[in-house]
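One structure is given here, and the rest of the page talks about it.
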Amino acid sequence: MEKKRMLSGITTTGQMTLGNYIGAMKNFVSMQDEFEMFVFVANLHGITTPIGKEDLRRNIKNMVTLYFACGLDPKKSTVFVQSEVLEHTLLAWVLTCNTTLGELQRMTQFKDKSVKMKSENGTEFIPTGLLTYPVLMAADILLYDPAFVPVGKDQKQHIELTRNLAERMNNKFGEMFSTPEEFTPKVGSKIMDLQDPSKKMSKSAENPKSFIALLDDVNEVKKKIKSAVTDSENIIKYDPENKPGVSNLLTIYSALKEVEMNEVEKHFEGKDYGVLKEEVSEVVVALLTDIQTRYNQLLGSDEVDNWLNEGAEKARKIARKKMTKVLNLTGLNYKRK
Ligand code: AQP
C-alpha cells in the first residue's frame, strides 16, 4: 500500500531544543516507516523576526546536521532546506494575493507576538513577515499535497488558513490543491520552560536556563535541570495545573523513557525532588550524549551535504510540478505548459 505523505519543518530561530525533540523530531523519526516524510529546515521562517547573519547560518547548519543525528534517515525521509526550493516563496506570493489582511490580523500568534513589539516601538516597527508568515506556511504545505501535517495547539489556526486557502484557490481557479488533515501524534507532549513552567519551552527564549538545547554541554544541562523551578511541597505527582514544574520534569522523563505517566508516578512515589532531578538528568544526558556523538561524526563528513542535495532535488521536482499547475490555472503562465 502506498504510504501517506506527511510534511513538517522546524524554524531556525535558535538551537533545536528538547521541546522540539520530544514534540516533533522524536515523532518524525518513529513515523518514517509508516509515512512518506518530508521534513524541512524552515530557514525562511527563521527571518520573520530580526536575526543576525552568523546566528542564522549557525542555526541552519546545526539544525540540518541535528535532523540526521536525531535519526532521520535520508533513505526513508526527504530532508531539505526550505530556501533551496524556490517554489515555496513563489507560491507564497500567489497565495498572499488571495488572502485578506483581516484573515492574517486575526491570527493569535500575530496578535501575541506583535503586541510586545508594538508596546516597545509602535506598529510601524512590526515586521511584515510576522503578519504574512502563515501564508508562507500554507505554501510550504500545499506544494506537496501531504495527507497530514502534525501540528501543535498554537498552530491550529494556521492549518485552518491553509485549508481555507486550498479550497478558495480550487473554487476560484480549478482543482489544484488537496486539503491536508491535522495529525496529532500518539505520543505528543508539550515541554515547558524550565524557569517559568507556565510557558512552553522555546528556542528563542532570552534566558538560556529556560531551555535545553540538544547541543548544550551536558554539565550545563545538569545545572539547568537542577535549577528548574518546582514548588515547595516535595511531593512528586503529575498535576500540570497545580504543579507545573514537577509535572514538566515527569513529562520529560516519561517521553524519553517511553513509560506511561502512571508508571512514572509509581516509580517516584515517596522520593524527593532531588532524586527526580537526578534521574531526569540521567535520561536527558544519555540522549544528548548519543545525539552529540552522531552529530560530531556527521559534522566532519560530506554526507550531510549530499543528503540535502538529494532531498532538495526530490522536493523541487514535486514543487515544480505543482507550481506549473498553479501558474497554468491562475493565468500567470504566458504560454500554457
Ligand atoms: N516546548 C515544546 N514542546 C513540544 N513541542 C514543541 N515544539 C516546539 N516547542 C515545543 C514543536 O516543534 C516543532 C517545530 O516548531 P518551530 O520551531 O517551527 O516553532 P515553535 O513551535 O514556535 O517552536 P519554538 O521553539 O517556540 O520557536 P520560537 O522560539 O522561534 O518561537 C513544532 O511541531 C512544535 O509543535
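Just so you know, ligand 1 is whichever comes first in the structure, and atom 1 is the first atom listed for that ligand. Just so you know, residue 1 is the first one in the sequence shown, and it goes up from there. Nothing here was measured: the structure is a model prediction, and the numbers come from that model.
- In this structure, atom 6 (C) of ligand 1 lies nearest to the protein heavy atom Gly19 O, 3.4 Å.
- Heavy atoms from both the backbone and the side chain of Thr11 come within less than 4.0 Å of ligand 1.
- For the residue pair Asn62 / Tyr295, a side-chain donor-acceptor distance below 3.5 Å is found, with atom types taken as modelled.
- Protein heavy atom nearest atom 25 (O) of ligand 1, with residue, atom name and distance: Lys203 N, 3.0 Å.
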Can you list the steps and then say if Tyr133 with Phe110 is a ring pair (Phe, Tyr, Trp, His ring centres under 6.0 Å)? CA-CA 9 Å; Tyr133 85 90; Phe110 171 72; 9.0 Å; no
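- Residue contact check for ligand 1: Asn20 places a non-hydrogen atom closer than 4.0 Å to it.
- Interatomic distance, Glu220 CD to Leu288 CG, rounded to the nearest 0.5 Å: 12.5 Å.
- Listed by atom number, the atoms of ligand 1 under 4.0 Å from Lys190 heavy atoms are 3 (N), 4 (C).
- The closest heavy-atom contact to atom 1 (N) of ligand 1, among the options Ile51, Asn248, Ile191, comes from Ile191.
- Here the side chain of Glu103 pairs no donor or acceptor atom with the backbone of Leu161 at under 3.5 angstrom.
- For the 3.5 Å distance criterion, the side chains of Gln195 and Ser210 fail to qualify, holding no donor opposite an acceptor.
- We find that Glu265 and Lys237 are not joined by a salt bridge, their nearest charged nitrogen and carboxylate oxygen being 4.0 Å or further apart.
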Ignoring hydrogens and angles, write down the donor-acceptor pairs under 3.5 Å from the side chains of residues 134-149, residues two or more places apart or on other chains.
{"residue": "Asp140", "atom": "OD1", "partner": "Gln82", "partner atom": "NE2", "Å": "2.9"}
{"residue": "Asp140", "atom": "OD1", "partner": "His88", "partner atom": "ND1", "Å": "2.7"}
{"residue": "Asp140", "atom": "OD2", "partner": "His45", "partner atom": "NE2", "Å": "2.8"}
{"residue": "Asp140", "atom": "OD2", "partner": "Gln82", "partner atom": "NE2", "Å": "3.3"}
{"residue": "Tyr144", "atom": "OH", "partner": "His88", "partner atom": "NE2", "Å": "2.9"}
{"residue": "Asp145", "atom": "OD1", "partner": "Ser178", "partner atom": "N", "Å": "3.2"}
{"residue": "Asp145", "atom": "OD1", "partner": "Ser178", "partner atom": "OG", "Å": "3.1"}
{"residue": "Asp145", "atom": "OD1", "partner": "Lys322", "partner atom": "NZ", "Å": "3.3"}
{"residue": "Asp145", "atom": "OD2", "partner": "Lys322", "partner atom": "NZ", "Å": "2.8"}

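- The closest approach between any non-hydrogen atom of Ile10 and ligand 1 is below 4.0 Å.
- We find that Asp33 and Lys76 are joined by a salt bridge, their nearest charged nitrogen and carboxylate oxygen being less than 4.0 Å apart.
- Considering Gln109, Met16, Lys200, Met25 only, the shortest heavy-atom separation from atom 21 (O) of ligand 1 involves Lys200.
- Note on ligand 1: Ala205 sits outside its first shell, no heavy atom being nearer than 4.0 Å.
- Within the 4.0 angstrom cut-off, atom 13 (C) of ligand 1 has one or more protein heavy-atom neighbours.
- Residue contacts with ligand 1 for Ala24 involve side-chain atoms from C-beta outward but no N, CA, C or O (heavy atoms, distance under 4.0 Å).
- Protein heavy atom in closest approach to atom 30 (O) of ligand 1: Thr13 OG1, 2.4 Å.
- In this structure, atom 24 (P) of ligand 1 lies nearest to the protein heavy atom Ser202 OG, 3.6 Å.
- Of the N and O atoms on the side chains of Asn242 and Asp239, at least one donor lies less than 3.5 Å from an acceptor on the other residue.
- In this structure, the protein non-hydrogen atom closest to atom 29 (O) of ligand 1 is Ser204 OG, 2.4 Å.
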